[in-house]
Amino acid sequence: MAGGTVIAGTADTSRIEAPVTVKAYLMCAFAAFGGIFFGYDTGWMGGIMGMRYYIRQLTDIPYPTADASKEALAAFVIPSWEQSLLTGILSCGTFFGAIVSGDMADRIGRRWTIIAGCVTFSVGGIMETAAVELKLMVVGRLIAGAGVGFISAIIILYMSEIAPKKVRGALVSGYQFCITIGILLANCVVYATQDRDDTGSYRIPIAVQFLWAIILGAGLFFLPESPRFFVKKGRLDDAAKALANVRGQPIDSGYIQDELAEIIANHEYELSVVPQNSYIAQWTNCFNGSLFSAHSNVRRTLLGIGLQAMQQLTGVNFIFYYGVVFFKQLNTIKNPFLISLITTLVNVCSTPLSFWMVERFGRRNLLIVGGTGMVIAQYIVSILGITVGSDKGADTNTSAVSAMIAFICINIALFATTWGPCAWVVIGEVFPLPIRSRGVALSTASNWFWNCIIAIINPYLVGEDYANLSYKIFFMWGSLCMVSVIFAYFLVPETKGLSLEQVDKMLEEVNPRNSRKWVPHSTFASEMGLVEKGITLHVGAKGDSTPENVEDVIVPPTSKGAV
Ligand code: BGC
């Protein structure tokens with residue numbers, strides 16, 4: 001390689017990705033660990049807000065006595081506005097963290113942005129652990145949230161960019177699995193410490209988070225950078241090394257060269273369509289093009305933002321954030337913590353099914369079918385609650401309450417196998433390289449924005465002094481799931497089995513409803529003239545890493561339609 005290697009790419013659509021070794025699979029899978037942060041950090045607050053010690057610490061209300069009236073028990077809670085603030089402020093931090101991370105990922109790389117997220121998260125975590133009153137806790141959650149924002153957006157980007165196309169959906173679903181494990185771990189730790197009568201009751205669950213930061217930060221130190229980041233930076237020799245590393249292949253393998261050529265040609269093609277000049281343009285490009293073309297940047301950005309919003313509007317976090325408080329309010333369940341633990345377990349145990357389903361049935365089908373199932377399950381919960389399951393003291397119909405809990409669990413299992421993973425899988429796949437980091441960042445920010453809105457409004461929706469929707473809230477979530485299904489039907493393309501560059505081509509040629517039948521028929525390398533002329537790389541050479549002839553060889557097609 002010392003004198004330079006000419007890479008030319010291929011016109012053969014079956015050669016645009018190198019074969020992958022087990023080591024390479026393990027690397028991708030490790031990145032999924034970042035989901036633990038996301039899940040754990042969203043999981044502990046709900047439980048802590050239901051803890052006796054924490055309620056007394058924040059409100060100064062003495063513990064209710066054993067013979068306390070129903071009213072006195074009901075009054076022993078953290079006020080709704082404080083609950084909203086404590087839950088919502090995390091999502092607020094993650095929202096801004098996610099947006100900033102899009103810039104950072106293009107500047108310092110995907111890997112370093114995730115490591116920076118671990119550091120930021122730890123700073124916030126120290127404040128949360130030290131806090132004995134509301135203010136410091138709120139600031140700590142805001143900063144920790146920013147760290148989670150970096151991590152949640154860029155892990156998706158990183159995984160989608162390094163994972164092999166055949167199992168990309170399954171590997172990114174692994175990230176969702178880690179989110180669920182994070183929520184479960186948070187619940188277990190909270191369950192174990194809830195009865196302590198000291199600050200350990202809430203400090204232990206908070207402090208456990210440092211472990212995740214250390215494992216992820218240290219692990220990523222040893223993983224390679226995304227080859228697509230180097231292509232974006234024009235550092236093609238580094239891209240070749242990184243690609244060889246993530247595929248577990250020798251750097252001079254023909255497969256590595258063909259895959260790299262395809263990534264370069266696709267990037268150059270996208271730049272020829274929408275050039276990126278200034279910093280502002282890099283953001284505004286996310287909103288370029290026509291709303292009526294599935295291929296335009298604006299459509300893809302709206303798809304990502306909308307998909308994540310819809311995922312939140314399925315209402316699943318109502319159970320995870322407010323499960324304990326909601327089940328307590330119903331006065332029909334003896335141990336709300338336990339029910340909350342069960343719902344979390346259902347979430348964890350059903351998610352691995354999605355590893356297989358997402359590659360077998362595809363993202364689009366899962367979103368449509370899963371969303372429809374959730375509409376039905378949530379309507380049933382509301383109908384049961386209103387008709388036979390409501391709190392009638394000693395006469396409460398316990399079988400009806402059990403049936404409601406069963407349908408809540410079915411709803412969670414449906415989410416865990418469809419909207420949970422697929423929303424993340426799809427946002428990692430639909431953006432072209434020039435806007436990918438910002439597109440994923442905006443989509444993730446949308447997830448956190450809606451997460452925040454839902455966290456804030458939930459206590460008011462079910463609070464007895466406010467809307468007091470009680471069981472009826474599931475009518476609302478069910479109806480929003482219906483909107484999600486319509487969204488998926490019209491706007492979400494099928495991306496399974498395609499390389500990120502093939503997704504780009506597919507979006508150009510068909511609309512989302514016909515995308516399932518699309519098959520790759522040409523490569524960017526051949527269409528951009530790379531196959532004839534090639535690019536010379538100096539892999540391993542010091543100093544200038546700019547390829548010799550990238551600009552002359554890449555001949556952009558005259559118009560989009562020509563490709
Ligand atoms: C969602 C989270 C949710 C979690 C539940 C994720 O995909 O974005 O908001 O809490 O799934 O498993």
Side-chain angles (χ1 to χ4, degrees), residues 32 34-47 87-88 90-95 97-98 145 148-149 151-153 155-156 159 169 171-187 304-324 340-355 358 363 366-367 370-371 374 408-428 440-458 477 480-481 484:
I36 299 258
F37 269 91
F38 182 140
Y40 192 91
D41 215 39
T42 51
W44 60 260
M45 197 72 227
T87 319
L90 174 92
S91 327
C92 194
T94 39
F95 173 81
V148 177
I151 295 164
S152 56
I155 289 270
I156 291 293
M159 288 186 82
L171 284 170
V172 177
S173 300
Y175 170 78
Q176 171 70 14
F177 183 48
C178 288
I179 297 180
T180 65
I181 294 182
I183 300 177
L184 176 69
L185 287 174
N187 272 267
I305 290 177
L307 196 61
Q308 289 291 338
M310 292 294 144
Q311 191 220 44
Q312 289 302 304
L313 293 172
T314 57
V316 75
N317 282 327
F318 173 72
I319 313 282
F320 296 129
Y321 289 1
Y322 287 95
V324 174
S340 167
L341 201 57
I342 293 172
T343 51
T344 314
L345 259 178
V346 170
N347 194 25
V348 176
C349 296
S350 38
T351 304
L353 253 185
S354 69
F355 302 170
V358 74
R363 293 68 163 142
L366 288 191
L367 290 170
M374 291 173 78
I408 289 179
C409 290
I410 292 174
N411 179 53
I412 291 174
L414 284 165
F415 175 87
T417 45
T418 61
W419 275 85
C422 290
W424 296 109
V425 173
V426 172
I427 64 161
V440 173
L442 287 169
S443 310
T444 308
S446 159
N447 175 295
W448 290 110
F449 174 79
W450 286 102
N451 191 308
C452 177
I453 297 289
I454 289 170
I456 291 172
I457 62 172
N458 268 333
W477 300 127
L480 287 167
C481 278
S484 306

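All ligand and atom numbering here is 1-based and tracks the order in the structure.
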Enumerated ligand 1 atoms positioned under 4.0 Å from heavy atoms of Asn447: 8 (O)

Euclidean distance, Asn187 CG relative to Thr343 OG1, rounded to 0.5 Å: 7.0 Å

Any Gln308 heavy atom less than 4.0 Å from ligand 1: no

Under 4.0 Å to a heavy atom of Gly420 - the qualifying atoms of ligand 1, by number: 7 (O)

Per-atom contacts, ligand 1 versus Phe415 - under 4.0 Å to a heavy atom: 5 (C), 11 (O)

Rounded distance [0.5 Å steps], SG in Cys349 versus CD1 in Ile412: 11.5 Å

Sub-4.5 Å side-chain heavy-atom contact between Thr444 and Thr94: no

4.0 Å heavy-atom contact, Trp419 with ligand 1: no

Side-chain donor-acceptor pair present, Ser152, Trp448, cut-off under 3.5 Å: yes

Atom 6 (C) of ligand 1: nearest protein contact (heavy atom, Å): Gln176 OE1, 3.4 Å

Minimum side-chain heavy-atom gap Phe415-Met374 below 4.5 Å: yes

Ligand 1 atoms in contact with Asn347 (distance to a heavy atom under 4.0 Å): 5 (C), 12 (O)

Numbered atoms and elements of ligand 1 in range of Ile183, under 4.0 angstrom, heavy atoms: 5 (C), 10 (O), 12 (O)

Distance in Å, Thr351 OG1 paired with Leu184 CG, rounded so as to fall on 0.5 Å steps: 10.5 Å

Asn451: numbered ligand 1 atoms lying under 4.0 Å from its heavy atoms: 9 (O)

Those atoms of ligand 1 less than 4.0 Å from some heavy atom in Thr180: 12 (O)

Aromatic ring pairing Tyr175/Trp424, orientation class (parallel under 30°, perpendicular over 60°, tilted between): perpendicular

Nearest-contact summary for atom 4 (C) of ligand 1 - protein heavy atom, Å: Ile179 CG2, 3.9 Å

Contact atoms of ligand 1, heavy-atom distance to Gln311 under 4.0 Å: 1 (C), 6 (C), 7 (O), 8 (O)

Check: Asp41/Trp44 side-chain N/O donor and acceptor closer than 3.5 Å: yes

Value rounded to 0.5 Å, distance of CD1 in Ile36 from CD1 in Ile179: 10.0 Å

Nearest-neighbour protein heavy atom for atom 3 (C) of ligand 1, which is reported as residue plus atom name and distance: Asn317 OD1, 3.3 Å

